[in-house]
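Both ligands and their constituent atoms are indexed starting at 1 by order of listing. Computed from a predicted model, the values in this text were never measured in an experiment.
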Amino acid sequence: MARVLSCIQPTGDVHLGNYLGALRNWVAGQHENDAFHGIVDLHALTVIDQPGVVGKSTIELAAMLFAVGLDPDIATIFVQSHVTEHSQLGWIMECQVSFGELGRMTQFKDKSAKREADFLSAGLFTYPALMAADILLYDTDEVPVGEDQRQHLEITRDIAMRFNHRFGETFVIPKAVMPKAGARVMDLQDPTSKMSKTGDTDAGLISMLDDPAAIVKKFKRAVTDGDSEVRFDRATKPGVSNLLEILAACTGETPEALAAKYTQYGPLKADTGEAVVELLRPIQARYHELMADRAELQSLLRKGAQKARVVAAVTLARAQTHLGLVPA
Ligand code: AMP
Ligand code: TRP
């Protein structure tokens, strides 16, 4: 069984795009692979300067991951800061990567340009070293990553190979794999852009925690296309196609088959809204249950951290030994 790791930053609400595009595949993947999922709160610290923000998002994200069906007895779900080996190996990784290499990371260039006059933490610059530690600690075989994280995975491989060359075989060299294709969910108000937290309007975004009335209303107001024909065609009918794809993701039918069942936009919007309400209903119920039982949530996370630490501690010790540090 391949060891597969993917991590997610606790920054803000999880939305329908995250769920249908990514989280749902994590849930399926836990039965096919030895799955590790970290909530990377230390990464989120790179851009945050208020107390409590990261902790709140971490708890909420954890509750959501369990609510969508990640099973703490099958997969290993942990909070990064609970497994102190991440910080420890992170420093060692910083010493294996050059200033020049970090300066070439396009995500750093983009993020630092966007922050302009804002405080630019050194952590934002050394972020890929911590990410390398996240991956290498678990002898990870595969990391499903989108385009934006490819470069970080390349640098992780470079660091691992460099370390192995300098200090002897220590790390498994991870492979980037394409995440299994999930649905691509577009903004309901601007169906040519991906649904995203940073979208222009709240009306275009379905949060996993939106109440049923809000969901139905947002679908009712979804932007559709000029003519009134129901057809699945992303290029010329992005609005209707988005609805069909969302409905397909809920029902398991194909968007083309669904298109054949509708002649008008109204019923398609109503049915899609209802289908999403039903899809999210049990998830929301479980989420609220977990949020109301903090002790249970903490205990699930403790269990995840314990499982993670069993692997991470061995890898860190191996790296320390190969470096020739004096044992404590
Ligand atoms: P983000 O919140 O943008 O970092 O994305 C987290 C995960 O959700 C990534 O795996 C994305 O590919 C996936 N994702 C985000 N937005 C969408 C969307 N609108 N449709 C499908 N997948 C998405
Ligand atoms: N950098 C990733 C992002 O911004 C999050 C991340 C941190 C990650 N560590 C990781 C992803 C390890 C995969 C594996 O989305």
Numbered atoms of ligand 1 (with element) below 4.0 Å of K197, judged on heavy atoms: 2 (O)
Under 4.0 angstrom from ligand 1, any heavy atom of H15? yes
Polar atom proximity, H152 to ligand 2 (N or O, under 3.5 Å): no
Value for CD (E142) from CE (M178), rounded to nearest 0.5 Å, stands at 13.0 Å
How many angstroms lie between CG in L23 and CD1 in I8, if you round to the nearest 0.5 Å? 5.5 Å
Does any N or O of ligand 1 fall below 3.5 Å from an N or O anywhere on I8, backbone included? no
Between K261 and E253, is there a side-chain N and carboxylate O pair less than 4.0 Å apart? yes
Closer than 4.0 Å and a protein heavy atom, does any atom meet both conditions relative to atom 18 (C) of ligand 1? yes
Would you mind checking which non-hydrogen protein atom is closest to atom 20 (N) of ligand 1, with the distance to 0.1 Å? V185 N, 3.0 Å
Give a yes or no on whether the backbone of A222 and the side-chain of K269 come within a donor-acceptor separation of less than 3.5 Å. yes
If you have a sec, work out which protein heavy atom is nearest atom 4 (O) of ligand 2 and how many Å separate them, to one decimal? Y127 OH, 3.0 Å
Using the rule given for side-chain contact (heavy atoms from CB on, under 4.5 Å), can you reason through V54 versus L45, listing the C-alpha separation, both sets of side-chain angles and the distance that settles it, and then say yes or no? CA-CA 7 Å; V54 172; L45 288 182; 3.9 Å; yes
Residues Y127, F108; criterion ring-ring contact (aromatic ring centres under 6.0 Å, His included); working and verdict: CA-CA 9 Å; Y127 181 115; F108 172 72; 9.9 Å; no
Without swapping roles, check the side chain of R184 against the backbone of K194 for a donor-acceptor pair under 3.5 Å. no
Closest protein heavy atom to atom 8 (C) of ligand 2, given as residue, atom name and distance to 0.1 Å: C7 CB, 3.5 Å
Honestly, for I135 the part within reach of ligand 2 (heavy atoms, under 4.0 Å) is side chain
Return yes when Q9 approaches ligand 1 closer than 4.0 angstrom through a heavy atom, no otherwise. no
Which of R318, Q320, H322 passes side-chain hydrogen bond (donor to acceptor under 3.5 Å, both in side chains) with T170? It is H322
Counting both backbone and side chain atoms, is some N or O of Q107 under 3.5 Å from an N or O of ligand 2? no
Residue, atom and distance of the protein heavy atom nearest atom 12 (O) of ligand 1 read K194 NZ, 4.2 Å
In terms of residue, atom name and distance, what is the protein heavy atom nearest to atom 22 (N) of ligand 1? G17 O, 3.1 Å
Look at ligand 1 and say whether A183 reaches it with a heavy atom at a distance under 4.0 Å. yes
Interfacing atoms of ligand 1 (cut-off 4.0 Å, heavy-atom, G21): 21 (C), 22 (N)
Of L5, L153, T156, which has the heavy atom at the shortest distance from atom 14 (C) of ligand 2? L5
Below 3.5 angstrom, do we get any N/O pair linking M195 and ligand 1? yes
M93 and side-chain contact (heavy atoms from CB on, under 4.5 Å): which single residue from T126, L130, L136 fits? L136
Looking only at protein heavy atoms, identify the closest one to atom 5 (O) of ligand 1 and say how far it is in Å. N18 ND2, 3.4 Å
Would you please indicate if the ring centroids of Y287 and F66 are separated by under 6.0 Å? no
Please list the nearest protein heavy atom to atom 9 (N) of ligand 2 with its residue and the distance rounded to 0.1 Å. D134 OD2, 2.7 Å
Taking the inter-plane angle between the rings of H86 and F78 on a 0 to 90° scale, is it parallel (under 30°), tilted (30 to 60°) or perpendicular (over 60°)? tilted
Assess whether side chain to side chain donor-acceptor pair (under 3.5 Å) is satisfied between Q151 and T106, documenting all intermediate values. CA-CA 8 Å; Q151 204 185 17; T106 51; 3.0 Å; yes
Identify the closest protein heavy atom to atom 3 (C) of ligand 2: which residue and atom is it, and at what distance? Q149 NE2, 3.3 Å
Nearest 0.5 angstrom please: E245 CD to N242 CG, how far? 7.5 Å
Which residue owns the protein heavy atom closest to atom 9 (C) of ligand 1, what's the atom, and how far is it? A22 CB, 4.2 Å
